[in-house]
Protein chains: 2
Amino acid sequence: MVTKQYTGTPDEQADLRRADSLGREIFSDVANKWALLIIEALGERTLRFSGLRDEVEGVSHKMLTQNLRMLERNGLVVRTVHPTVPPRVEYTLTEAGRGLRATVDGMCEWTYRYFGHIEDSRRRFDG
Amino acid sequence: MVTKQYTGTPDEQADLRRADSLGREIFSDVANKWALLIIEALGERTLRFSGLRDEVEGVSHKMLTQNLRMLERNGLVVRTVHPTVPPRVEYTLTEAGRGLRATVDGMCEWTYRYFGHIEDSRRRFDG
DNA sequence: CTGGATCCAGCTCGATACTG
DNA sequence: CAGTATCGAGCTGGATCCAG
């Protein structure tokens, strides 16, 4: 994901490059503020579009749809349309999505844990 | 980090809002492709500026300095300047940085684990 | 070698208006 | 309610140049 050194037979090298490029692509999709906040907001729940907009503070209509499409494309959320009037669309994490959520949880815990450290460091740096 | 519901006394609510806003700020700083790739590249090593530029594939001079400053400000990396000619600057993760790195490792493992799932899902979605 | 500063093309994102 | 399309201001990020 980070280095550009490849070893092994030419075929293996090609595989590694393919994997690496896809990995980088996935990483770019997922290492993004809104995507992670949406995943964290979904958690174990099923939420509707409007529910998500309320839960993920500050997200715009556009960013929400855009990121939901991306997450659906990558198989991290499933989108269920109930053909009623008015329409009702529900979003849930897949197993892969829940897997990612576990690591996002880790990031949140990390944030709380080092809160003070970060606040101090910022004050020192800024002053 | 995600919801806007606050309970408790007004003071506690104010604290929570402050914490929430800072948490969001930290999250925005850190949930960013280059920052995470830099942290992952550093790992347990000490690297120089040029070393990092080589390790983090595709990062530009500007993005690297910008993110390094941000990570230093937040106390995730330490920057050591050796007053030689030419200058020699080394970057290392702090304890907080290593803590975050652990969760980034989780994300990388997650990527490898769900590689196939994601590839399949994309093909299905795109076609 | 490290890194600040500037320029500007291109993209992001919010706002708005419109559909089923 | 959910979603798409469009438009424009503003930010992002790459290229380049200069300095210590």
Side-chain angles (χ1 to χ4, degrees), chain A residues 2 4 24-39 41-42 45-74 76-93 125-126, chain B residues 2 4 24-39 41-42 45-74 76-93 125-126:
Chain A
V2 169
K4 16 175 157 180
R24 183 61 68 95
E25 219 182 299
I26 296 173
F27 204 83
S28 299
D29 271 0
V30 145
N32 138 346
K33 178 183 163 182
W34 292 128
L36 296 183
L37 287 175
I38 289 170
I39 287 172
L42 270 176
R45 297 181 284 181
T46 290
L47 283 176
R48 301 178 55 175
F49 184 85
S50 45
L52 272 169
R53 198 179 39 208
D54 294 343
E55 288 296 326
V56 182
E57 188 174 346
V59 72
S60 71
H61 185 110
K62 186 180 178 179
M63 284 302 97
L64 187 53
T65 36
Q66 207 167 93
N67 279 277
L68 282 172
R69 286 301 154 276
M70 179 273 285
L71 293 173
E72 189 191 358
R73 178 170 113 93
N74 287 319
L76 306 194
V77 305
V78 280
R79 177 168 174 275
T80 315
V81 182
H82 296 85
T84 56
V85 177
R88 173 197 187 81
V89 182
E90 294 182 331
Y91 294 92
T92 321
L93 290 182
F125 190 94
D126 294 341
Chain B
V2 169
K4 16 175 154 175
R24 183 62 67 95
E25 220 181 299
I26 296 171
F27 204 84
S28 300
D29 271 0
V30 145
N32 137 346
K33 178 184 165 181
W34 292 127
L36 296 183
L37 287 175
I38 289 169
I39 287 172
L42 270 176
R45 297 180 286 180
T46 289
L47 284 176
R48 302 179 54 176
F49 185 85
S50 45
L52 272 168
R53 199 180 36 211
D54 294 341
E55 288 296 325
V56 181
E57 187 175 346
V59 73
S60 71
H61 184 111
K62 186 180 181 179
M63 284 301 96
L64 187 53
T65 37
Q66 207 168 92
N67 279 276
L68 282 172
R69 286 302 154 275
M70 180 274 286
L71 292 172
E72 189 192 359
R73 181 170 111 92
N74 287 318
L76 306 194
V77 305
V78 281
R79 176 167 174 275
T80 313
V81 183
H82 296 85
T84 58
V85 177
R88 172 198 188 80
V89 182
E90 295 183 329
Y91 294 91
T92 323
L93 290 182
F125 191 93
D126 295 341

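The distance between atom CE of A:Met63 and atom P of D:dT4, rounded to the nearest whole Å, is 13 Å. Look at CD on A:Glu57: it is 14 Å from P on C:dG14, rounded to the nearest Å. Between A:Gln66 atom CD and C:dA15 atom C1' the separation is 14 Å, expressed in whole Å. Per the geometry, NE2 belonging to A:His82 stands 18 Å off C1' belonging to C:dG20, to the nearest Å. Rounded to whole Å, atom P of C:dG3 lies 13 Å from atom CG of B:Asn67. Between A:Glu72 atom CD and D:dT4 atom P the separation is 10 Å, expressed in whole Å. Distance CG (B:Leu64) to P (C:dG4): 11 Å, rounded to an integer number of Å. Summarising the geometry, the separation between CG on A:Leu52 and P on D:dC1 is reported as 14 Å, rounded to the nearest angstrom.
Looking at which nucleotide of DNA chain C each of A:Lys62 and A:Pro87 is closest to, the 5′-most match is held by A:Lys62. Where B:Arg48 and A:Pro86 each meet DNA chain C at their nearest nucleotide, the meeting point lying more 5' is that of B:Arg48.
By the 4.5 Å heavy-atom criterion applied to side chains, A:Phe125 and B:Asn74 are not counted as neighbours.
Taking side-chain N and O atoms only, B:Arg69 has a distance below 4.0 Å to OP1 or OP2 of C:dG4. Between A:Arg79 and D:dG3 there is a side-chain N or O to OP1 or OP2 distance below 4.0 Å. Contact annotation: A:Thr84 side-chain N/O to D:dC1 OP1/OP2 distance is not under 4.0 Å. Between A:Tyr91 and D:dC1 there is no side-chain polar atom (N or O) within less than 4.0 angstrom of OP1 or OP2. Side-chain N/O atoms of B:Ser50 include one lying less than 4.0 angstrom from OP1 or OP2 on C:dT2.
For B:His61 against C:dG3, a side-chain N or O and a base N or O form a donor-acceptor pair under 3.5 Å.
The closest donor-acceptor contact from the side chain of B:Arg79 to the backbone of B:Leu68 lies at 3.5 Å or more, if one exists at all.
Using a 4.0 Å cut-off between charged side-chain N and carboxylate O, B:Arg45 and B:Glu55 make a salt bridge.
When all heavy atoms are compared, the tightest approach of A:Met70 to A:Ala35 is CE-CB, 3.8 Å.
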